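Fair warning: this is a prediction, and the values are worked out from it, not measured in the lab. In the text below, chain A, chain B and the rest are named by the order of the sequence lines, each starting its count at 1.
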Amino acid sequence: MQHWLMKSEPAAFSFDDLHARPGRTDHWDGVRNYQARNFMRQMRRGDQVLFYHSNCEQPAVVGIAEVVREAYPDFTAWDPKSVHFDAASTPDAPRWFMVDVRWKQAFARAVTLTEMKGMRELSEMPLLRRGSRLSVMPVTGEQYRAIVDRGMKRRPTE
DNA sequence: GCCAACGTTGGC
DNA sequence: GCCAACGTTGGC
């Protein structure tokens, strides 16, 4: 099983928004970056996803989601009215892809970006690199467990 | 709202 | 294929 981190701006689509969807499930549309797209295509059903709130008052991982459908064409790229429209992507030759994720569990408390910067286990995370803009990234099992442990308060907080 | 860092575009 | 200009991301 693989682990991932996916960013979303809560003003656009929050972890609570995902919870409110039918089946607590939605498609992850709008990724328009090749590296992030390629990571999504590597996702497999059952992979665990850290849901990260970006570009907001308190950037943080707020909970866990799960991949329930593997990569398929992002149809919002074909819709001229969509902000994610891309004329270069067609149904015959889709350029962009998305996966479906299901809300799984909210953290007891958010694990903030500031806090993550102080965690030794996370020193290699792309998320913490200066200027990192990658919106979908792999997370190692160790990094995943370290973050979930914090979020679930299974470990005394400093 | 600012602005540094990044990815993409397009002229050459 | 280079690289300046541009638009976007996202922390602060």
Side-chain angles (χ1 to χ4, degrees), chain A residues 2-21 26-43 47-67 71-101 103-140 142-151 157-158:
Chain A
Q2 306 171 98
H3 305 88
W4 307 93
L5 181 143
M6 298 177 90
K7 295 181 185 176
S8 187
E9 302 191 13
F13 187 75
S14 71
F15 194 50
D16 283 345
D17 290 335
L18 179 60
H19 185 270
R21 288 287 191 268
D26 208 350
H27 51 269
W28 200 278
D29 64 305
V31 170
R32 296 294 179 267
N33 169 281
Y34 290 104
Q35 202 180 354
R37 178 201 70 179
N38 293 342
F39 283 136
M40 282 204 299
R41 297 187 79 173
Q42 294 172 27
M43 290 183 178
D47 284 357
Q48 304 294 294
V49 176
L50 297 171
F51 198 111
Y52 178 81
H53 280 170
S54 68
N55 198 19
C56 56
E57 197 168 331
Q58 184 177 260
V61 176
V62 294
I64 304 167
E66 181 173 330
V67 176
Y72 59 105
D74 183 340
F75 48 77
T76 65
W78 308 331
D79 178 4
K81 293 190 294 295
S82 169
V83 293
H84 300 308
F85 176 67
D86 180 358
S89 184
T90 66
D92 282 345
R95 171 177 293 190
W96 305 114
F97 290 79
M98 55 189 177
V99 296
D100 286 357
V101 299
W103 189 100
K104 185 174 180 184
Q105 187 168 23
F107 281 173
R109 62 184 191 87
V111 180
T112 66
L113 177 63
T114 306
E115 187 177 358
M116 287 191 281
K117 284 177 177 170
M119 294 169 65
R120 184 172 300 277
E121 305 94 317
L122 308 184
S123 59
E124 301 300 314
M125 273 190 84
L127 178 75
L128 304 183
R129 276 206 286 273
R130 178 175 167 79
S132 169
R133 292 166 48 182
L134 192 58
S135 64
V136 177
M137 69 190 77
V139 172
T140 68
E142 183 192 16
Q143 292 163 350
Y144 179 83
R145 281 186 290 278
I147 293 169
V148 171
D149 279 356
R150 291 282 179 125
T157 55
E158 82 287 4

Check: In residues 80-94 of chain A, which residues come under 4.0 Å of DNA chain C by heavy atom?
Finding: none
Checklist line | side chain to side chain contact (heavy atoms under 4.5 Å, CB included) involving A/Ala106 - partner list, sequence neighbours excluded | finding: A/Phe15, A/Trp103
Next item on the list: Please work out which residues in residues 48-65 of chain A have a non-hydrogen atom less than 4.0 Å from an atom of DNA chain C and list them by number.
Entry: A/Tyr52, A/Ser54, A/Asn55, A/Pro59
Item checked: A/Phe85: partners by ring-ring contact (aromatic ring centres under 6.0 Å, His included), with sequence neighbours left out -> none
Item checked: Length of the CZ-C1' vector between A/Arg32 and C/dG10, whole Å -> 19 Å
Next item on the list: Round to a whole Å and report the spacing from CG of A/Leu127 to P of C/dG11.
Entry: 7 Å
Item checked: Euclidean distance, atom CD of residue A/Glu9 to atom C1' of C/dT8 [Å, nearest integer] -> 10 Å
Check: Listed by chain and number, what are the side chain to side chain contact (heavy atoms under 4.5 Å, CB included) partners of A/Arg120, not counting sequence neighbours?
Finding: none
Note to self: How many whole angstroms separate atom CZ of A/Arg129 from atom C1' of C/dG10?
What the structure shows: 16 Å
Margin query: Going by ring-ring contact (aromatic ring centres under 6.0 Å, His included), name the residues that satisfy it together with A/His3, two or more places apart in sequence or in a different chain.
Written below: A/Tyr144
Notebook entry, point to check: When you check the phosphate oxygens OP1 and OP2 of C/dT9, does a side-chain N or O of A/Lys7 lie under 4.0 Å from one of them?
Noted result: no
Notebook entry, point to check: Between A/Met6 (CE) and C/dG10 (P), how many Å, whole number?
Noted result: 13 Å
Checklist line | With A/Trp78 via ring-ring contact (aromatic ring centres under 6.0 Å, His included) - residues at least two apart | finding: none
Notebook entry, point to check: Considering the options A/Tyr34, A/Trp28, A/Tyr72, which one meets the ring-ring contact (aromatic ring centres under 6.0 Å, His included) requirement together with A/Trp96?
Noted result: A/Tyr34
Next item on the list: With sequence neighbours excluded, tell me which residues meet ring-ring contact (aromatic ring centres under 6.0 Å, His included) with A/Phe97.
Entry: none
Notebook entry, point to check: Who passes salt bridge (Lys or Arg N to Asp or Glu O under 4.0 Å) against A/Asp47, sequence neighbours left out?
Noted result: none
Next item on the list: Round to a whole Å and report the spacing from CD of A/Glu115 to C1' of C/dG11.
Entry: 17 Å
Check: To the nearest angstrom, how far is A/Asn33 atom CG from C/dT9 atom P?
Finding: 10 Å
Checklist line | salt bridge (charged side-chain N to carboxylate O under 4.0 Å, His left out) contacts in which one or both residues fall within residues 91-101 of chain A, not counting sequence neighbours | finding: A/Asp86-A/Arg95
Next item on the list: List for me each residue that meets side chain to side chain contact (heavy atoms under 4.5 Å, CB included) alongside A/Asn55, sequence neighbours excluded, and say none if there are none.
Entry: A/Glu9
Next item on the list: Scan A/Leu5, A/Leu134, A/Asn33, A/Val31 and name whichever one has a side-chain contact (heavy atoms from CB on, under 4.5 Å) with A/Phe39.
Entry: A/Leu134
Next item on the list: Nearest-nucleotide wise, let me know which of A/Arg95 and A/Ser132 is further upstream toward the 5' end of DNA chain B.
Entry: A/Ser132
Extract from the structure each pairing of a protein N or O with an N or O of nucleotides 1-7 of chain C at less than 3.5 Å, listing the distance.
from, atom 1, to, atom 2, distance (Å)
C/dG7, N2, A/Arg133, NH1, 3.4

Check: Between A/Lys117 and C/dC12, does any side-chain N or O lie under 4.0 Å from OP1 or OP2?
Finding: yes
